[in-house]
K.L.:
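The structure's right below; bear with me while I get my questions together.
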Amino acid sequence: MHRWSQLFIPTLREAPADAEVASHKFLVRSGYIRQLGAGIYSYLFLGQRALLRVIDVVREEMNKIGQEFLLPAIHPREVWEKSGRWQVMGENMFRLKDRKGGDLCLGMTHEEIVTEIALKDLRSYKQLPQIWYQIQSKFRDEPRPRSGLLRVRQFTMKDSYSFDLDEAGLDVSYQKHYDTYCRIFDRCGLQYVVVEAHSGAMGGSQSHEFMVYTEAGEDMVASCQKCGYAANMEKATSQLAPVQDLPGDGQPEEVHTPGMKTIEDVGKFLGTLPTQEVKTLALMQMEEDKKNPGRQKARPVIVLLRGDHSLNEAKLAGALEGKEFRPMLPEEIVRVFMAPAGFLGPVKLPTASSTALGSETQKILLESLPLVLADNALKGRKNLITGANREDYHLKNVTPLRDFHPTEWVDLRNAAAGEGCPKCGSPLEVGKAMEIGHIFKLGYKYSESMGLRVLDESGKEVTPIMGSYGIGLERILAAAIEQNNDADGFWLPLCIAPFEVLVTPTNVTDAVLLSTAEEIAQKLEAAGFSVLLDDRDERPGVKFKDADLVGIPYRINVGKKVTEGKVEVVSRSTRKSQDANIGDIAATFAQLARP
RNA sequence: CGGGGCGUAGCGCAGCCUGGUAGCGCACCUGCCUUGGGCGCAGGGGGUCACAGGUUCAAAUCCUGUCGCCCCGACCA
């Protein structure tokens, strides 16, 4: 049994001024964590205990599908050079030098390391499939650490890696992780959704994120109540309700729109709807100039969206094959469009069209012309309103493919709440969420680049296919707190709480109360519960406030009613209290906590 | 890296504009008192005012620079 009076549980009456989200405020106030630097935290007694409980759950479930390893946190440069990610990871990688001047880095993920192991010791298809996992600190020099434990530079990750002979095998390993992750998050009491996701820097063909809805989250998720479709906004699509085109079949015609620079202004002025207008965004794509290494080359990118739609930058990044982009500067806009922002449009602009590939010189010429990317929602529309590329003028009767020709049609817009689910058509919901787990089908990216081969049944060399899978363990804790808190503190689900029950004698100077509390704590411990005894010589109010704060799901008050042979059992989440006989406290409590 | 904000006791803040004694609440220590929701009274300890340089007889306060932290954007568990 742990006695509070002997422990270091530095609770705070007030949250630090720079804590914004609930989990951050309460983790600090409850004495779970202390900050050392931006995105660097110490876990104190209660915090570490909760984290260890999370680890227990994760380990128990992972052991059912994989083998636990422990990989190094310091990696030599050479391994990362093999996959090409020494460069790719850029500033996010913590780098250091050893005494001989050799380059090292702190591990931010371990695809290279497991592949290196596989490279040396996987020889035959008979050794496949493999699932290897570890629970270990990861180091990432985040550009912006945030929100307490939500985004930090050192964190604990459960990461696993699968090796299979073929895609069918990968599907099995992937599904195993999917199911295991569901079990883990279910056991941790989290309400989460699994969403289709964007694979990002990991690469690969398919990926799912496990997301917990919370205002503290950094991602937006679109989901359908009816059919269960759910996707990160970076991927989400939707069915659009039909919209009315403007009547007629006239040719583009300039209309005078003095000072009307926004979709709304133009709509009001001309009596049209945003859905009947084209939003023209002027961007510059930035890429390495091959002729002048080290210098950047800019290429105009014109994005066309329906007037009421917004650009999804992740989708655009996908369309530009990951090249960086930025908004055009005012002088660049004038150079490309010969008109100021607010009056831009695609008609009569010299643009790169995919049909016009000719000679080498034409190609070079083409490469400097603006790319025009049109969102699919403009397909089949007619008589739209666009800027006229002349100050104070717009064009009406603009019809795509007649009056302008996009380089490419793509999905670029953000899906929005209320639009139709792409699968079943019922209205989509959009909410903020935080990512707690992510699974990837990596494909051959690492096995190929690092030269992993095994012999198949026929003695032929084949490249194994890989998957990688991660869970942010601190985020499970933070998500649980985001989900379960009120003005006074938070409560953790039983299986990840640092203690399951807190026994609170209201006055320890009363020898009967104290000894009764000790007896109860002993009985509960003997019954297999983890118990914290608040034996501090404090007033009851102080103890109750602390009890509400620190996340322990149940509390037993040992007070006045002891004379009647009774104590109170209080549930932190519901605040419901029930009297229990001291004699059979263990049985009563077990019924409540483990029904 | 772009934009915004903040650095004064463990925590939360005032003081800075208008330069001259470093202050409040909570926490902490001692004693008394009190014991079902951060109780009361009395006494007490704790500060290189982020750092460096400058202006000045004199700098927490004015000027310059640096660093750190937080928030908003591009990245991710």
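Within every chain, numbering begins at 1; the chains are lettered A, B, ... in the order of the sequence lines, protein sequences first and strands thereafter. Both backbone and side-chain heavy atoms feed into the values below; hydrogens, waters and symmetry mates do not. Keep in mind that this is a model prediction, so the values were computed, not measured.
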K.L.:
Between B/C16 and B/A27, how far apart are the C1' atoms? Round to whole Å, please.
P.N.:
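These two C1' atoms come out 27 Å apart once rounded.
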K.L.:
Just checking A/I471: base, sugar-phosphate only, or nothing, at a heavy-atom cut-off of under 4.0 Å?
P.N.:
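Since no nucleic acid heavy atom lies under 4.0 Å of A/I471, the category is nothing.
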K.L.:
For nucleotides B/U30 and B/C17, find the distance between their C1' atoms and express it as a whole number of Å.
P.N.:
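Pairwise C1' distance, B/U30 against B/C17, rounds to 42 Å.
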K.L.:
With sugar-phosphate meaning primed atoms plus P, OP1 and OP2, does A/R151 contact a base, only sugar-phosphate, or nothing at under 4.0 Å between heavy atoms?
P.N.:
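Touches a base.
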K.L.:
Under 3.5 Å, is there any donor-acceptor pair linking the side chain of A/D548 to the base of B/G37?
P.N.:
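Present.
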K.L.:
Aromatic rings A/H438 and A/F440: how do their planes relate, parallel, tilted or perpendicular, breaks at 30° and 60°?
P.N.:
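Judged by the thresholds at 30° and 60°, the geometry between A/H438 and A/F440 is parallel.
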K.L.:
Would you classify A/Q154 as touching base, sugar-phosphate or nothing, given that sugar-phosphate means primed atoms plus P, OP1 and OP2, and contacts are heavy atoms under 4.0 Å?
P.N.:
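No contact.
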K.L.:
Do A/T180 and A/Y469 pair up side chain to side chain, a donor and an acceptor below 3.5 Å, judged on atom types alone?
P.N.:
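A/T180 vs A/Y469: no donor-acceptor pair found between side chains.
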K.L.:
Taking the six-membered ring of A/Y174, is the NZ or CZ of A/K441 close enough (under 6.0 Å from the centre) and on axis enough (within 45°)?
P.N.:
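Geometry flag: set, cation within 6.0 Å and 45°.
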K.L.:
Looking at RNA chain B, which of residues 28-41 of chain A put a heavy atom within less than 4.0 Å of it?
P.N.:
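Contacting residues: A/R29, A/Q35, A/G37, A/A38.
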K.L.:
Are A/R575 and A/W491 in a cation-pi setup, meaning NZ or CZ lies under 6.0 angstrom from the ring centre and within 45 degrees of the ring axis?
P.N.:
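The answer is no, since A/R575 fails at least one limit relative to A/W491.
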K.L.:
At under 4.0 Å between heavy atoms, what does A/P16 touch on the DNA or RNA strands: base, sugar-phosphate, or nothing?
P.N.:
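Counting heavy atoms under 4.0 Å across all strands, the contact made by A/P16 is with sugar-phosphate only.
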K.L.:
Does the B/G73 base have a donor-acceptor partner in the side chain of A/E313 within less than 3.5 Å?
P.N.:
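Not at all, since no donor on one side and acceptor on the other fall under 3.5 Å apart.
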K.L.:
Counting the atoms with a prime plus P, OP1 and OP2 as sugar-phosphate, which does A/G437 contact under 4.0 Å by heavy atoms, base, sugar-phosphate, or nothing?
P.N.:
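Since only primed, P, OP1 and OP2 atoms lie under 4.0 Å of A/G437, the category is sugar-phosphate.
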K.L.:
Does the pair A/R3/A/D534 count as a salt bridge with the N-to-O cut at 4.0 Å?
P.N.:
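A salt bridge is absent here (no side-chain N lies under 4.0 Å from a carboxylate O).
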K.L.:
For nucleotides 43-52 of chain B, which of its nitrogen or oxygen atoms have a protein nitrogen or oxygen under 3.5 Å away, and what is each distance?
P.N.:
none

K.L.:
Taking the C1' atom in each of B/U8 and B/G15, what is the distance between them to the nearest angstrom?
P.N.:
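It comes out at 9 Å once rounded to the nearest Å.
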K.L.:
Can you tell me how far P of B/G36 sits from CG of A/D534, to the nearest Å?
P.N.:
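After rounding, the reported distance stands at 15 Å.
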K.L.:
Starting from the C-alpha separation in whole Å, work towards a yes-or-no answer on side chain to side chain donor-acceptor pair (under 3.5 Å) for A/N63 and A/E68.
P.N.:
CA-CA 7 Å; A/N63 281 344; A/E68 183 167 2; 5.0 Å; no
K.L.:
For B/A50, which nucleotide in any strand shown is its Watson-Crick or wobble partner with both distances under 3.5 Å?
P.N.:
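Per the H-bond distance test, B/U66.
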K.L.:
Please confirm whether A/R49 makes a cation-pi placement over A/F499, using NZ or CZ under 6.0 Å from the six-membered ring centre and within 45° of the ring normal.
P.N.:
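Output yes; distance and angle both within limits.
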K.L.:
Does A/L150 or A/T11 map to a spot on RNA chain B nearer the 5' end, using the closest nucleotide for each?
P.N.:
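Closer to the 5' end of RNA chain B: A/T11.
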K.L.:
Considering every strand and a 4.0 Å limit on heavy-atom distances, what is the contact class for A/P145: base, sugar-phosphate, or nothing?
P.N.:
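Answer is sugar-phosphate: A/P145 comes under 4.0 Å of backbone atoms only.
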K.L.:
Could you tell me the Watson-Crick or G-U partner of B/G73, where both distances fall under 3.5 Å? Say none if there is no partner.
P.N.:
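The answer is B/C1, by the H-bond criterion.
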K.L.:
Tell me which of A/D219 and A/R536 sits closer to the 5' end of RNA chain B, going by the nucleotide each one is nearest to.
P.N.:
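Between the two, 5'-proximity favours A/R536.
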K.L.:
Compute whether any side-chain donor of one residue and acceptor of the other, for A/K158 and A/S160, lie under 3.5 angstrom apart.
P.N.:
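A pair is found: one side chain offers a donor N or O, the other an acceptor, under 3.5 Å apart.
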K.L.:
Work out how far the P atom of B/G20 is from that of B/A59, and round it to whole angstrom.
P.N.:
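Each nucleotide's P atom is 11 Å from the other's.
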K.L.:
Measure the acute angle between the ring planes of A/Y178 and A/H208, then classify it against the limits of 30° and 60° as parallel, tilted or perpendicular.
P.N.:
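Correct class here is perpendicular.
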K.L.:
Mind checking whether A/H24 and A/Y41 have parallel, tilted or perpendicular rings, split at 30° and 60°?
P.N.:
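A/H24 and A/Y41: perpendicular rings.
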K.L.:
Find the partner of B/A27: check Watson-Crick (N1-N3 plus N6-O4 or O6-N4) and G-U wobble (N1-O2, O6-N3) distances, both under 3.5 Å, and reply none if neither fits.
P.N.:
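Base partner found: none.
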K.L.:
Is it the case that more than 12 heavy atoms not belonging to A/K576 sit under 6.0 Å from its NZ atom?
P.N.:
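Counting neighbours around NZ of A/K576, 12 or fewer heavy atoms of other residues, nucleotides or ligands fall under 6.0 Å, so no.
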K.L.:
Protein within reach of the bases, or only the backbone? For nucleotides 23-34 of chain B, mark each nucleotide 5' to 3' as B, S or -, using heavy atoms under 4.0 Å.
P.N.:
--BSS------B
K.L.:
Does A/S147 reach a base, just sugar-phosphate, or nothing at all? Heavy atoms under 4.0 Å.
P.N.:
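Since only primed, P, OP1 and OP2 atoms lie under 4.0 Å of A/S147, the category is sugar-phosphate.
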K.L.:
Suppose you measure atom C1' in B/C24 against the same atom in B/G46; what distance do you get, rounded to whole Å?
P.N.:
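These two C1' atoms come out 15 Å apart once rounded.
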K.L.:
Aromatic rings A/F139 and A/F94: how do their planes relate, parallel, tilted or perpendicular, breaks at 30° and 60°?
P.N.:
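A/F139 and A/F94: perpendicular rings.
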K.L.:
Does B/G37 pair with anything, Watson-Crick or G-U wobble, both distances under 3.5 Å, and if so, with which nucleotide?
P.N.:
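The answer is none; no pair meets the criterion.
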K.L.:
Quick one: A/E142 CD to B/C71 P, roughly how many Å, whole number?
P.N.:
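Whole-Å distance recorded here is 13 Å.
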K.L.:
To the nearest Å, give me how far apart OH (A/Y469) and C1' (B/A77) are.
P.N.:
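After rounding, the gap between these two atoms is 16 Å.
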K.L.:
Do A/K432 and A/E218 sit within salt-bridge range, that is, some charged N less than 4.0 Å from a carboxylate O?
P.N.:
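No salt bridge links A/K432 with A/E218.
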K.L.:
Look at all strands and tell whether A/A19 reaches a base, only sugar-phosphate, or nothing, counting heavy atoms closer than 4.0 Å.
P.N.:
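Result for A/A19 = nothing.
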K.L.:
With a non-hydrogen cut-off below 4.0 angstrom, is A/D546 in contact with a base, only sugar-phosphate, or nothing?
P.N.:
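Result for A/D546 = base.
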K.L.:
Please work out which of the three classes, parallel, tilted or perpendicular, describes the rings of A/Y554 and A/F589, given edges at 30° and 60°.
P.N.:
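Ring orientation, 0 to 90° scale: perpendicular.
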K.L.:
Return the stacking result for B/G38 and A/F544: yes when the ring centres lie under 5.5 Å apart and the planes under 30°, no otherwise.
P.N.:
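Whether judged by distance or by angle, A/F544 falls short somewhere, so it does not stack on the base of B/G38.
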K.L.:
Under 4.0 Å, heavy atoms only, any strand: does A/E91 hit a base, just the sugar-phosphate, or nothing?
P.N.:
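Counting heavy atoms under 4.0 Å across all strands, no contact is made by A/E91.
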K.L.:
Students often get this wrong, so: under 4.0 angstrom with heavy atoms, is A/K138 touching a base, only sugar-phosphate, or nothing?
P.N.:
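Nothing, no heavy atom under 4.0 Å.
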K.L.:
Between A/R144 and B/C75, is there a contact of a side-chain N or O with OP1 or OP2 at under 4.0 Å?
P.N.:
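Indeed not, no polar side-chain atom of A/R144 lies that close.
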K.L.:
Which whole number of Å gives the distance between the P atom of B/G3 and that of B/A14?
P.N.:
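Those two atoms are separated by 26 Å.
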